[in-house]
Amino acid sequence: MRKRIVAFRRLNQEQLTQLRQHYDVDFFEHHEDADSPAFHAALAKAHGLITAGLKVTPQLIDSAPHLETIASISVGYDNYPLATLNERNILLCNTPDVLTETTADTGFLLIMATARRAIELASWVKDGHWKSSIGPDLFGSDVHGKTLGMVGFGRIGAAIARRGSLGFGMQIRYTMASPKPELEKELGAQRLSLQELLATSDFVCVSVPLNADTEKLIDSAALKRMKPNGILINISRGKVIDEQALIEALNTGQIGAAGLDVFEQEPLPVESPLPYMPNVVALPHIGSATHETRAAMAQRAVDNMLLALAGSNPISPVNPEVLTRRASV
Ligand code: NAP
């Protein structure tokens, strides 16, 4: 009997054909399909699940008794109940590396857009306010030569820091990461405590994963430690920042601006003030959202799934201990 895969969103025809050469595939293209009886019926028979943007709960896992492998089309895996997956010996794979540079581009876009007030001023032009040359009330601040503090200094953090150091002559600081002697040498990066980094950085850029240790890492106390004109960039997950505390810090001028790709709740609730604040650039979680990178991420998920269901090691397992356990029985 052929094994079955549930594919939830973001695969193209070529990728579906590739999977269907070996497996029966139930494809659900739309986000709302996750609530349909057909999706749940397919999951009950599935050995593999390829997904993007689906909150996978322990209950969902319980409803999939044959599940062996999940291939997430993302590098972050805060949407998955890792303890439950480990208990059930279900392998989880993600898509690191293929999205690093694109996400770093988005991070730097937020740095530039907030510092130079690009979105605010483009709207100002569109609204017909440009009647004479602008004055200091609409000036931005420099990016080149400033201090860039990276909270998290992994793949994406390092790629943002490279843009800052090599392209803009920025001084790089980092925290919430193990020592990185090679990056210190390459970029002159300095490792500091979170407190020191917040107090000394012109830009604080968050690129840690969301987990129990990082949830609300940037809270009211952390925001108070930032420079008065400091700019906060979040390219990781919304819940790493206490959003209410951030709104207050922006409203009271405690910090200068924020560039946000991610939010506590997504899509952003209509009542959120963030998109309407002049010192905020709010993007709809577009970190990796280019045609090229989303296709590469989906392909990585397909490759991971094909390797894992065939009993080989996938390219990027999140919980490789499952493979070790499987090998020992
Ligand atoms: P990564 O290479 O694993 O880097 C994560 C960094 O965070 C590492 O430097 C790590 O320290 C550090 N870290 C600090 N506290 C940690 C903790 N409690 N647990 C784990 N790591 C901790 O990951 P990445 O590829 O750069 O991706 C980072 C995050 O960005 C993802 O998890 C995802 O949530 C987010 N992301 C967002 C988008 C978007 O569309 N906005 C796109 C892609 C990714 P060490 O160096 O010591 O390991």
Side-chain angles (χ1 to χ4, degrees), residues 9-10 52-53 55-56 72-80 82-83 92-111 113 148-164 172-184 186-187 189-194 197-198 204-218 222 232-241 258-268 281-294 296-298 300-301 315-320:
R9 302 175 74 216
R10 296 208 193 144
K55 182 77 190 162
V56 175
S72 183
I73 309 177
S74 68
V75 65
Y77 48 88
D78 44 285
N79 260 344
Y80 300 91
L82 206 49
L92 174 65
C93 305
N94 66 348
T95 63
D97 307 313
V98 292
L99 48 53
T100 297
E101 297 302 327
T102 298
T103 309
D105 286 347
T106 309
F108 221 83
L109 161 73
L110 287 170
I111 290 174
L148 174 57
M150 299 304 309
V151 179
F153 205 34
R155 290 171 291 251
I156 294 167
I160 293 173
R162 253 184 217 106
R163 284 158 175 73
I172 308 301
R173 315 268 186 266
Y174 72 100
T175 192
M176 293 294 291
S178 48
K180 313 279 177 204
E182 283 179 10
L183 285 170
E184 290 183 13
E186 180 192 347
L187 306 176
Q190 194 187 358
R191 188 162 172 257
L192 299 176
S193 69
L194 177 60
L197 178 137
L198 291 166
V204 172
C205 181
V206 180
S207 65
V208 284
L210 171 65
N211 54 40
D213 294 334
T214 61
E215 186 161 357
K216 297 211 171 156
L217 175 71
I218 306 297
L232 180 68
I233 305 296
N234 190 5
I235 191 70
S236 69
R237 289 288 184 263
K239 287 182 180 162
V240 175
I241 293 176
L260 309 169
D261 186 43
V262 285
F263 301 89
E264 272 182 13
Q265 198 185 321
E266 295 178 8
L268 200 53
V281 174
L283 298 178
H285 200 147
I286 62 162
S288 63
T290 63
H291 293 294
E292 300 91 331
T293 294
R294 283 291 169 83
M297 289 164 68
R300 169 65 70 86
I315 304 163
S316 34
V318 169
N319 53 352

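Counting starts at 1 for both ligands and their atoms, following the listed order. Worth knowing before you read on, the calculation uses all heavy atoms, side chains too, and leaves out hydrogens, waters and symmetry mates.
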Yes or no: does P96 have any heavy atom under 4.0 Å from an atom of ligand 1? no

Under a 3.5 Å distance rule, please check whether D78 uses its side chain to pair with a backbone N or O of N211 as donor and acceptor. no

Atoms of ligand 1 under 4.0 Å from any heavy atom of D261, numbered from 1 in the order shown, are 39 (C), 40 (O), 41 (N)

Distance-only, no hydrogens or angles: does the N94 side chain make a donor-acceptor pair with backbone N or O of V318 under 3.5 Å? no

Are any of the N/O atoms on G287, whether in the backbone or the side chain, positioned under 3.5 angstrom from an N/O atom of ligand 1? yes

SB check E101 R163 (cutoff 4.0 Å): yes

What part of T214, side chain, backbone, both or neither, has a heavy atom within less than 4.0 angstrom of ligand 1? side chain

More than 12 heavy atoms of other groups within 6.0 Å of Y77 OH: no

May I ask you to identify the nearest protein heavy atom to atom 19 (N) of ligand 1, giving residue, atom name and distance to one decimal place in Å? N211 ND2, 2.9 Å

Is the closest N or O pair between D78 and ligand 1 shorter than 3.5 Å? no

Kindly identify the option in K180, R237, M176 whose heavy atom sits closest to atom 48 (O) of ligand 1. K180

Tell me which one of G154, S288, P209 gets a heavy atom nearest to atom 7 (O) of ligand 1. P209

Pull out every atom of ligand 1 sitting under 4.0 Å from any heavy atom of S178, numbered as shown with elements. 45 (P), 46 (O), 47 (O)

Which ligand 1 atoms does H285 reach within 4.0 Å, using its non-hydrogen atoms? 39 (C), 40 (O), 41 (N)

Take every heavy atom of T103, measure it against each atom of ligand 1, and state whether any distance is under 4.0 Å. yes

I'd like the name of whichever of E215, R155, M297 reaches closest to atom 23 (O) of ligand 1 through any heavy atom. R155

Just to be sure I'm reading this right: ignoring hydrogens, which of I235, I156, N79, N94 gets closest to atom 43 (C) of ligand 1? Compare them by their nearest heavy atoms. I156

For ligand 1, is any non-hydrogen atom under 4.0 Å from S207's backbone (N, CA, C, O), its side chain (CB onward), both, or neither? backbone

To the nearest 0.5 Å, what is the distance between CD1 (I111) and OG1 (T106)? 11.0 Å

Can you tell which of K180, R162, E182 makes a side-chain contact (heavy atoms from CB on, under 4.5 Å) with L187? R162

So is there a nitrogen or oxygen of V262 less than 3.5 Å from a nitrogen or oxygen in ligand 1? no

Please list, in number order, the atoms of ligand 1 under 4.0 Å from a heavy atom of D213. 18 (N)

